[in-house]
Amino acid sequence: MPLSRRALVSTLPAAALSAMALPLRARAAGHPATHGETAPGEASGAAHTRLIDNTVAVFAGTREMGARPEVRARLAAIAATARSRLTAMDRAGQGELFQGLALGTSDPNLITSFQYLYEIALATRTPEGGTPSGLPGDTGVRRRVIDGLTWLHEHFYGDQSKGYYGNWFTWEIGISTHVSKILALLADELAAYRPELAATYVASMDAYLRNGKAGDVDLDSRFHTGANLADITTNRILQGAVLGDDARIAKAIADQLTILATIDPYELRHGVTDGFYADGSFIQHASVAYTGSYGKGLLTRVVQTIKMLDGTGYTTDDRLVRVAQGWVVDGFAPLIFEGWLMEIVKGRGVSRPATGYADAAEVVEAVVGLSAHATGADATALKGYVSYLRQTSKAALDPSAFVSPVSIARYTDILADSSIPVRDLGPAERHVAFNAMDRTVHRRPGYAFALARSSSRISRYEYMSGENLMPWFQGDGAHHLYLSGQDQTQAFGIDYLTTVPPHRLAGVTAPVETRRTVPELYGTLWYDNPERGFTSSSEAQNTYVYFPRGTHPFSGGAALGAYGVVGLVQSDDVAYAAKQAGDIPDDFVVYRNADATKSWFLFDDEIVVLAAGVGDAAGRAVTTTLDTRIAAPSDTLALTGRLRGGAPWSGIGTAPLAWLRYANATRAASVGYVFLDGPPPTVTLDTVTRGRRAVRLANPDLPVTKQLFAVTVERSAGAPHTSMAYALVPNATERQLGAYARRPLAVLANTARLQAVAHRGLRITALNAFAPGTHRAGRLSVRGPGSVLLREARDGALAIAVSDPTTERDTVSVVVRGRRMRAVAADDGVRVGRVPGGTRIVVTTRHAYGRSFTATLR
């Protein structure tokens, strides 16, 4: 197994992270070497050359790789893009470097102009003979790029008093990323043609680091964290190589290595919550679950850094490789199901047209790169995972879309190697609690269930820059139920978000009301009120507009092996709370949430869901959506079921159902629903057409038509609060659903104080307690809030898991009634003792951040 990130990094102090970055010889130019060190220039020149050569190889390929037939499509695409950019340059008008990109007020046009220059420069560094374009080695084209850089600097970039309009990211990261790579790609030509330009640009890039300190990274800045920090430091490594500045390279590597440290929420470094946590969670923007976007970008940048620094001497061991491998194993692999990267960790990126297959392909390229630098069993495991994803994905991964031509060749070699065991990085049956980011993934060979929650720690959603326009309920227990063997583009992705109304996302309890998007409310992409602290990237904007947290601490649960229980107290967000307190302006629009307390009990064949206190204190109508699924207009769907009295039922409508089966005969897919308690459900099947621009302003307004199936519980305006209990049964047959009449599932409690279920077949009892006091269910009693899962083995031994989903308790105490038992195994922090009538388990949950503690009793 790869070395766990938590074992590697959690004990490393900040000084150690910096010390492992580079040998002692790295010094600023002009500083004398002390005894035993290498003076500047003696060895560093070779290191700089190697670093630049490595960078060229990463992005443009090598002569050896260029001769490979599988790489030619990528090289041809690079050449074709460059030729189209040169044509646009030829046709540029007044105030343009490229046709159609007017400059002076548009930062998107400016960054795109730099991107086009990079794409031309890249084509000139691809291996000669790899493509018949004639661009590789073309001095004239390279000098056109350099002239373009000069012109942009003179007219639209070099004057920092006129720059920095629009998005901060453009100036601190975006432009610098393109320019830094151009400087590396064209280093020799720059030295011969315009030797001063590199230093000029680096000085300007430093000046634009306005959220930094003295033109460098500021680790205390909220802008210089996580994936953003990786981008900035990678750029600065390249800049140092081009300038021959060891000090810049050394500082950039040391800053980037701080990203390796596992985030400890109780001992934050520089106040940063962005990064990977001990349970594999990844957070960016302080409180957004973001593995599938910023986390993916961070992984890519770190792997590129590994490749760029290879053989330079700036890193002295394989810790960077081993930490990145830990991210893949703990953070990414659980979230990729049959080649599809799950939506629950994409933030606003969920509204982009790119599919989960394309997102996973970026992870695959990073894993391919890591496998070349790992050794032994680690390398074999990574390669086997690459082959596993290729075999299980329902979309053929196109390696020509990889960034690096070298990755394409290595990917081909991995797939062709029959000696590599093809396997996932985790078991097919697993329950993964990403409690640090309020996400849960439950996997079985036939399905994967992904659950998105929120709390006073984690954002309910992310909206920004006209992306994810209708996000309001995405963190309120929304789920995705992926079925094995399916093309997930037909079930989820952009078309699901486009056609499913936001208040009818699967799993959500929401008020029935009209809500307006941020652009509709304010006429801009944000709420603009500088006098009250609301500007495009201000902390107030982040807190109340872009990614507001919830206001209740209970979100999380207990995991015992491959089983789990999860709970959530649905809450208003911080914007609504602040408006009630009079802390934000009167014209700022907020929305109140509906009420619900929910639990999910995750077993083998079913996911049992309990909901209590479902309603609305404001008297609005409320919809609870048990599930929503989309299908193509031509797919053949069947809806069949049984009433509680035993009569058969089919079609749509509201009825006292015992069970319902949704079947898509065209896709050979089915989901069953067992109604254990509660009001009669409503079944609907509609055909919906909506444009993708409804969820993201930059999307092409492509109309999408889907059949929309939903099973809901509707509560009219003013109706009293209610409760319900049901089970989702993936891949269900009618016979299987009928068997639930024999009651293998028992609801032991379903109130806003306590929710508990017993699964007789699995001999499991599980509960969530949400309030102070003593709560009893089956053999279990617990004091105060907590989650407990108990399983009895055939020989009478008991396995128990306990957690504090609020993260606020010092201890959680549980009593198992019955004969007294002793602990034969227990996690640190678990104490087992006898009490009259049973056995007490006291778990020290202080600073555990929702982690489960387990014990085995006999």
Side-chain angles (χ1 to χ4, degrees), residues 48-49 51-61 78-99 101 103-104 109-128 131 133-160 163 170-171 173-208 234-245 248 308:
H48 302 154
T49 300
L51 202 161
I52 291 172
D53 289 346
N54 287 346
T55 302
V56 174
V58 167
F59 296 105
I78 291 172
T81 298
R83 292 219 168 274
S84 70
R85 305 313 185 209
L86 287 167
T87 299
M89 182 182 278
D90 293 336
R91 297 173 179 174
Q94 186 71 26
E96 299 176 340
L97 183 60
F98 295 93
Q99 184 184 37
L101 297 177
L103 301 173
N109 283 0
L110 182 59
I111 192 174
T112 301
S113 297
F114 281 108
Q115 174 190 328
Y116 285 6
L117 288 177
Y118 164 71
E119 289 168 343
I120 298 169
L122 179 63
T124 71
R125 292 308 311 269
T126 55
E128 296 186 25
T131 173
S133 67
L135 289 171
D138 191 319
T139 300
V141 173
R142 290 176 181 173
R143 293 195 173 187
R144 287 192 71 183
V145 172
I146 294 170
D147 289 341
L149 281 179
T150 303
W151 187 80
L152 287 176
H153 194 275
E154 289 177 353
H155 294 90
F156 300 104
Y157 185 73
D159 187 347
Q160 281 83 53
T170 297
W171 305 92
I173 296 177
I175 290 174
S176 297
T177 297
H178 297 311
V179 171
S180 299
K181 289 193 288 189
I182 294 171
L183 297 182
L185 289 170
L186 304 185
D188 291 342
E189 197 64 44
L190 278 162
Y193 182 51
R194 292 191 182 273
E196 78 293 339
L197 189 60
T200 299
Y201 254 102
V202 170
S204 291
M205 289 187 282
D206 287 351
Y208 278 118
T234 300
N235 293 341
R236 294 179 71 81
I237 290 170
L238 289 179
Q239 295 159 16
V242 170
L243 296 183
D245 186 343
R248 177 179 288 261
M308 288 158 49

Peer 1: What I want to check is whether the side chains of T124 and D138 have a donor and an acceptor closer together than 3.5 Å.
Peer 2: no

Peer 1: Could you pull out the closest heavy-atom pair between P127 and A60, with the gap in Å?
Peer 2: CD-O, 3.3 Å

Peer 1: Are a donor atom and an acceptor atom from the side chains of E119 and T81 found within less than 3.5 Å of each other?
Peer 2: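 Short answer, no.
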
Peer 1: Measure the OH-CZ distance between Y118 and F59 for me, rounded to the nearest 0.5 Å.
Peer 2: 5.0 Å

Peer 1: So I120 and M89, do their side chains get closer than 4.5 Å, heavy atoms only?
Peer 2: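 Heavy-atom side-chain distance check passes, below 4.5 Å.
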
Peer 1: What is the distance from atom CZ of F98 to atom CG of L86, rounded to the nearest 0.5 Å?
Peer 2: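 CG of L86 is found 7.5 Å from CZ of F98.
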
Peer 1: Side-chain contact, heavy-atom cut-off 4.5 Å: R236 with D206?
Peer 2: yes

Peer 1: Could you tell me whether the side chain of R248 reaches within less than 4.5 Å of the side chain of V202, counting heavy atoms only?
Peer 2: yes

Peer 1: Calculate, to the nearest 0.5 Å, the distance between atoms OG1 and CD1 belonging to T55 and I237 respectively.
Peer 2: 9.0 Å

Peer 1: Salt-bridge test for D188 and R142: reply yes if a basic N is under 4.0 Å from a carboxylate O, no otherwise.
Peer 2: no

Peer 1: If you take all heavy atoms of A82 and L135, which pair is closest and at what distance?
Peer 2: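 Smallest heavy-atom distance, with atoms named: CB-CD1, 3.8 Å.
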
Peer 1: I'd like to check L117 versus H178 (side-chain heavy atoms, cut-off strictly below 4.5 Å). Are they in contact?
Peer 2: no

Peer 1: Can you find a heavy atom in the side chain of I146 that is under 4.5 Å from one in the side chain of I182?
Peer 2: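 Not touching, per the 4.5 Å side-chain cut-off.
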
Peer 1: Counting distance only, does the side-chain N/O of Q160 pair as donor-acceptor with the main-chain N or O of G158 below 3.5 Å?
Peer 2: yes

Peer 1: Taking the side chain as C-beta and beyond, is there a heavy-atom pair between T150 and Y193 under 4.5 Å?
Peer 2: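 No, too far: nothing below the 4.5 Å cut-off.
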
Peer 1: Going by the rule salt bridge (Lys or Arg N to Asp or Glu O under 4.0 Å), which residues pair with D159 if we only count those two or more places apart in sequence or in a different chain?
Peer 2: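 D159 satisfies salt bridge (Lys or Arg N to Asp or Glu O under 4.0 Å) with no other residue.
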
Peer 1: When rounded to the nearest 0.5 angstrom, what is the spacing between CG in L110 and CD1 in I175?
Peer 2: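 Nearest 0.5 Å value for the CG-CD1 distance: 4.0 Å.
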
Peer 1: Considering non-hydrogen atoms only, spot the tightest contact between G137 and E128 and give its length.
Peer 2: CA-OE2, 4.2 Å

Peer 1: Ignoring hydrogens, what is the shortest heavy-atom contact between A121 and V145? Give both atom names and the distance.
Peer 2: N-CG2, 4.0 Å

Peer 1: Measure across L152 and S113 and return the closest heavy-atom pair with its distance rounded to 0.1 Å.
Peer 2: CD1-CB, 4.3 Å

Peer 1: So which atom in Y208 and which in Y157 form the shortest heavy-atom distance, rounded to 0.1 Å?
Peer 2: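 In this case the closest contact between Y208 and Y157 is OH-O, 2.7 Å.
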
Peer 1: How long is the straight-line distance from CD1 of I52 back to CG of L185, given to the nearest 0.5 Å?
Peer 2: 10.0 Å

Peer 1: Tell me if a side-chain donor or acceptor on H155 pairs with a main-chain N or O of W151 at a distance below 3.5 Å.
Peer 2: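 At least one qualifying donor-acceptor pair exists.
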
Peer 1: Any donor-acceptor pair under 3.5 Å linking the side chain of Y201 with the backbone of E196?
Peer 2: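 No.
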
Peer 1: State whether the side chain of S176 and the backbone N or O of I173 hold a donor-acceptor pair below 3.5 Å, judged by distance alone.
Peer 2: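 Looks like no, no N/O pair under 3.5 Å.
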
Peer 1: Any heavy-atom pair between the side chains of L238 and M308 that's under 4.5 Å?
Peer 2: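 Yes - at least one pair of side-chain heavy atoms lies under 4.5 Å apart.
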
Peer 1: Can you tell me how far CD of Q115 sits from OG1 of T177, rounded to the nearest 0.5 angstrom?
Peer 2: 11.0 Å

Peer 1: List for me each residue that meets side-chain contact (heavy atoms from CB on, under 4.5 Å) alongside T139, sequence neighbours excluded, and say none if there are none.
Peer 2: R143, E189

Peer 1: Among side-chain atoms of S204 and H153, is any donor-acceptor pair under 3.5 angstrom?
Peer 2: yes

Peer 1: Please check this pair: side chain of E96 against backbone of G93, looking for a donor-acceptor N/O pair closer than 3.5 Å.
Peer 2: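 Yes: the side chain of E96 pairs with the backbone of G93.
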
Peer 1: Taking the side chain as everything from C-beta on, heavy atoms only, tell me whether Y116 gets closer than 4.5 Å to L101.
Peer 2: yes

Peer 1: Identify which one of R85, R144, R83 satisfies the salt bridge (charged side-chain N to carboxylate O under 4.0 Å, His left out) criterion when paired with D90.
Peer 2: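 That would be R144.
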
